[in-house]
Structures are given as C-alpha cells and as structure tokens.
J.: 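Pasting a structure here, questions to come.
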Protein chains: 2
Amino acid sequence: MTSISCETCPLRRKSFFRPFEEEQIDFLARFKSGELTVDPGTHILIEGSTAPQFYTVLDGMGLRYKTLENGRRQVINFLFPGDLVGLHAGLLGEMKHSVEATTAMRLCVFKRDDLWTLFRNQPSLAYDVTWITATEEHFLGETVATLGQRTGTQRVAWALLKVYQRLRALDIGKEGEVPLPYRQQDMADALGLSLVHTNKTLARLRERQLASWGEGRLRIPDVDTLAEVALADAALPDMRPLL
Amino acid sequence: MTSISCETCPLRRKSFFRPFEEEQIDFLARFKSGELTVDPGTHILIEGSTAPQFYTVLDGMGLRYKTLENGRRQVINFLFPGDLVGLHAGLLGEMKHSVEATTAMRLCVFKRDDLWTLFRNQPSLAYDVTWITATEEHFLGETVATLGQRTGTQRVAWALLKVYQRLRALDIGKEGEVPLPYRQQDMADALGLSLVHTNKTLARLRERQLASWGEGRLRIPDVDTLAEVALADAALPDMRPLL
DNA sequence: GGGGTGTATGTCGTAGTTTAATGCAGGGTC
DNA sequence: GACCCTGCATTAAACTACGACATACACCCC
C-alpha cells in the first residue's frame, strides 16, 4: 500500500482549496480523545445515525455519499488525510450522508460534547470550524456548478485535476503522479455520469495523454493542458468504429 | 408587489430545511449597523470582490450564482428573507459567487470586523454561525445529489417543491400558493437544464396539474403528489405531435 | 414603428443512459 | 493443478433525454 500519511497534521497541513494558516493547524489536536483504525470498505458513518463523536482523517482515503430514494448513489466528495468527518451529526442532529473508507484508514476521534465546551472556552476554535465549513461549502458550490454546467469530459477532467491538486498540496504522491484508490464507479457516482460513459471518457483522456488512472494510481503528464480541458473542452465526438 | 416580509426576524424565523431554535433567532440583530434597500436586478455582491460588510435579507428575494469560464451561469440557490449573504468574503478572503436581487430587497448590514469581535466576546454567536453554514452545506449536498442523479422532470419538481416548502415555512404566501419572482432562465440555470427544456417540463407539470408557475406565482394543488414526482417520477415521454 | 425581454412549441442531432457480453484478476475448495 | 466463484474494467449496440436552433407571440418602453 502506498503511503498516504499526514502524521504531523491531525487536521490537514495545507491544501490548495482549503489553505490553512499555520496557527490553525493543530486546533483540534488539543482535545483528541482516541484513535480508530478501519479496514477498506468499512462504513464509518451511516446517514440518519446520530454518532456521539466525530473524526479527522489521519491516514487513508474514503468518500462521503448519499443514497437517494430511487436507489441511486451520489458521492458528495472524496476524503483525504486532514478532512473532518461527522460534524453534521452534532450540528444538525443526525448525519445527512454516509462515509466509507476505500483504503485502510486511521481516524482521530473526538467527543461531540467536547466541541461545545471548547467553543465556549476557546473562541478561536469556533472561528476555525466556521472557516472549515465555509470552505467546504465553497467546494460544494464548485461541484454544483460542475454538475450543472459542464459536459462529461469536462467533469472527469475537472475531478481528476482537483483531486490531483488537493493531494499534491498535501504532499501525497509526487509530481505528476498521485495514489487514487477508488473504483470507476465511485468517480461516476461523484460526477453524475454512468459507469460506462465514465470509463469511455477516461479511455479518451488516456489516449490524448492527458491523464491516466489505473491500478489505484493517477498520472497527469501536463497539468495545464488538463486544466484547459476541464474548463472549456469542446465535447469531442465519441470514438467510432473504423468500418 | 406581494408582501414578502420577515420584519420581526433579522435572521430567518424558522425554516423547513434550516429550523432555528428560538434563542438563536436574533443573534445577529445585536450588532446590526444599518439598512440597505436595492432595486430589482441589482447585483449586491460580485464574485471576486472583498466587501467590508455582510448582510441578512429582511425583505424581498434574490439569487446566488457563479459564472463559469465558459460563460455559463450556475445559480447556487435562491435567497429569501432571513438568509445570510456575503459571509464568504470575510471567511475566505473574497466572494466566491455573486448575489443578485430579483425583487426590491431590503437588507440588514453588518460590519465584517464586528464578527470576529463578537466571536470572541459571545461564543454562542459562533455556535450559531457554524450551525448556519453547516445547514447550508447540507442543502448544497442535496443540490449536488439532485443535479447528479435526477432527471429533468424530477429536478424541476424538486426545486418547486423545496422553494414552496421553504417559503411556507417562512409564512410567505398561503396554502397552495406562494410568490416566486424568478424567470424561467433562473430556474434553468439552477437545475443545470436548458431554458427550452425547463419550459417544456413546466408545461408538462402544469398539464398534469402538479404545479403551475407563472406571473411570479407558484401554485401547487397537491404537495404530496408533486413530492412523489420529485423523488421517483419515471421520465415521461416528451409530448409528440399527434400526426 | 422598432428593439428588448420573456414565454411557448416544434424539429433535429447528439451526448448521454441502459443493457449486455466479455475479459481478467484474485481467492477459495476439492 | 482444475474448478468456480465474485469484483472490477472494458467494449459494443440500442435507445432517449436533453440541448441547439428556429420561430412565433405577448408585453413594455423609447
């Protein structure tokens, strides 16, 4: 298993989309109450539940998803070391989505009740938490815009790019290559595309040497070119049989 | 102009999706610094700007949107009395989306710097703000799921339903009918559909007597039936010419 | 009058879904 | 070893929901 660690950083150290100030890094570490290790495939939280604790991801990757009434699944976002998990249960009364680990995952556990205590004693904590949720809200806004306004090819390129940048900002992987331990079905559910179409789109991106994702590794030879595709690629015609 | 007021409630009084505790209602009213009235069509905030204040909507309606690099527009959500506007500018450094009034609008103005002061002196404020952003994040999650996994008909039905419920919870309009001062283009941009397709879908919903939206008024004869459509309507065939 | 804006409907092409079949690896059991 | 699972990537063929385009109509304002 490739090393996907963020040992020195109970929350994320820094991130392209969610840049933390140095002073904010360890704000939650002060009241860590334990650790949890889970196997790949474990469902850490289920929508509707009211867990008495929340977590930060220390190590490993996962995803947040929702199941709709019609049985379909929407992946809200991917989870990386440093992400905050399960705050909704405390804030809204119950979880509004589920969380699943796609690799072995190590989590830092916090008691839900501690949050309110610390909000009172340590106002800067509240500042930070507000900041985090506002940042996540911003990311969700970008996702809404992508699902609403971009074509399939753009969506796939956009997702790969965002994930790559996010991981690189966390110093995970190396220049041009990062681990990406998800199934194509996960990506499809995240982008609102069918598995088949996602697969074909990935194949086309691979052909064009823009991005190649397989065996849990994502390679992006030229980030800038992929960015162009993500933002404004004219939808290419599907590959047709030669005869 | 229909009365769309929330006079006694600087923040929202209550909301189906964002239910406030009584004690949390006036938390921002304590440091209100002025009022602002704008005409319909006014752009209150522009993405990229760094406004020195933020607002709550006292009266009127509007929308939050993003403009993409390809020129397309995504409406993030609709704004109603009680909504919080412009917090991002303070939290993330700059606005990540624009805000436009679609009716005459009265806003309550707050100084951005006051927020941090009050976070320090009044921790319960921080609790409330965190709660608000978490709630908005939850709503965005639902939007992502809708854009990603539902058909055009379901999306339109879903949006009309949500807007209706939200407005009724604010005691705006009356049983079965609420004001909805938006253009079809706004709805289309919110749902990631073309104007034409949105229009035709609305026509079909009207035909089926599920919802009729025109002249700035939305009428829903039977909420439950519309909800069924929103969640699981088998996509109906488009109307075909008889011959 | 003409121009701008918003709603309404029709035709047609295509970007997408659905369904299905195939291949291919790992893992258990005899 | 041969066997049969189960999970995931891949490719093909058929169908369709949706967008693009064109057009018409109503209204308002200069």
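Proteins get letters first, then strands, A, B, ... in listed order; numbering begins at 1 in each.
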J.: Check whether Trp213(A) reaches the backbone of Leu180(A) with its side chain - one donor and one acceptor, N or O, closer than 3.5 Å.
T.: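 Indeed, once roles are kept as given, a pair shorter than 3.5 Å links the two residues.
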J.: Whole Å only: how far is the CZ atom of Arg155(B) from the P atom of dG19(D)?
T.: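 Checked: the CZ to P distance equals 8 Å.
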J.: Nearest-Å distance, CZ (Arg72(A)) to P (dG16(C))?
T.: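 After rounding, the gap between these two atoms is 14 Å.
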J.: Please report the shortest heavy-atom distance between Thr103(B) and Met61(B), naming the atom on each side.
T.: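 Shortest heavy-atom contact: OG1-N, 3.0 Å.
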J.: Expressed as a whole number of angstroms, how long is the span from Asp189(A):CG to dT17(C):P?
T.: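 Result: 11 Å.
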J.: For the pair Tyr65(B) and His43(B), name the ring-plane relationship: parallel under 30°, tilted 30 to 60°, perpendicular over 60°.
T.: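 Plane angle over 60°, so perpendicular.
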J.: Is Arg150(B) touching bases, backbone alone, or none of the nucleic acid, heavy atoms closer than 4.0 Å?
T.: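 Nothing: the residue Arg150(B), judged by heavy atoms under 4.0 Å, touches no strand.
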J.: Taking any heavy-atom pair under 4.0 Å as a contact, classify Gly192(A): base, sugar-phosphate, or nothing.
T.: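 Here Gly192(A) touches the backbone only, sparing every base.
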J.: Round to the nearest Å and state the distance from His197(B) atom NE2 to dG13(C) atom P.
T.: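 Interatomic distance, NE2 of His197(B) to P of dG13(C): 18 Å.
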J.: Rounded to whole Å, please give me the gap between CE in Met187(B) and P in dG6(C).
T.: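 Value for this atom pair: 15 Å.
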J.: Keeping to residues at least two apart or across chains, list the salt bridge (Lys or Arg N to Asp or Glu O under 4.0 Å) pairs with something in residues 148-160 of chain B.
T.: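 Sorted pair list: Glu69(A)-Arg150(B).
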J.: Heavy atoms only: give me the nearest Pro81(B)-Leu58(B) pair and the separation to one decimal.
T.: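 Looking at all heavy atoms of both residues, the shortest contact is CB-O, 3.8 Å.
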J.: For nucleotides 7-10 of chain D, tabulate all protein N/O to nucleotide N/O atom pairs closer than 3.5 Å, reporting atom names and distance.
T.:
residue, atom, partner, partner atom, Å
dC8(D), OP2, Arg183(A), NH1, 3.2
dA9(D), OP1, Gln184(A), N, 3.4
dA9(D), OP2, Gln184(A), N, 3.4
dT10(D), OP2, Gln184(A), NE2, 2.6
dT10(D), OP2, Asn199(A), ND2, 3.2

J.: Could you check whether Asp186(B) pairs with Arg73(B) (Lys NZ or Arg NE/NH1/NH2 to Asp/Glu carboxylate O, under 4.0 Å)?
T.: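 Arg73(B) and Asp186(B): salt-bridged.
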J.: Can you tell me how far P of dA8(C) sits from CD of Glu207(B), to the nearest Å?
T.: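 Spelled out: CD on Glu207(B) to P on dA8(C) is 12 Å.
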J.: For Arg204(B) and dT9(C), what is the distance between atoms CZ and C1' respectively, to the nearest whole Å?
T.: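 These atoms are roughly 12 Å apart.
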J.: Can you check the Lys200(B) NZ to dC18(D) C1' distance for me, whole Å?
T.: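 Taking NZ of Lys200(B) and C1' of dC18(D), I get 10 Å after rounding.
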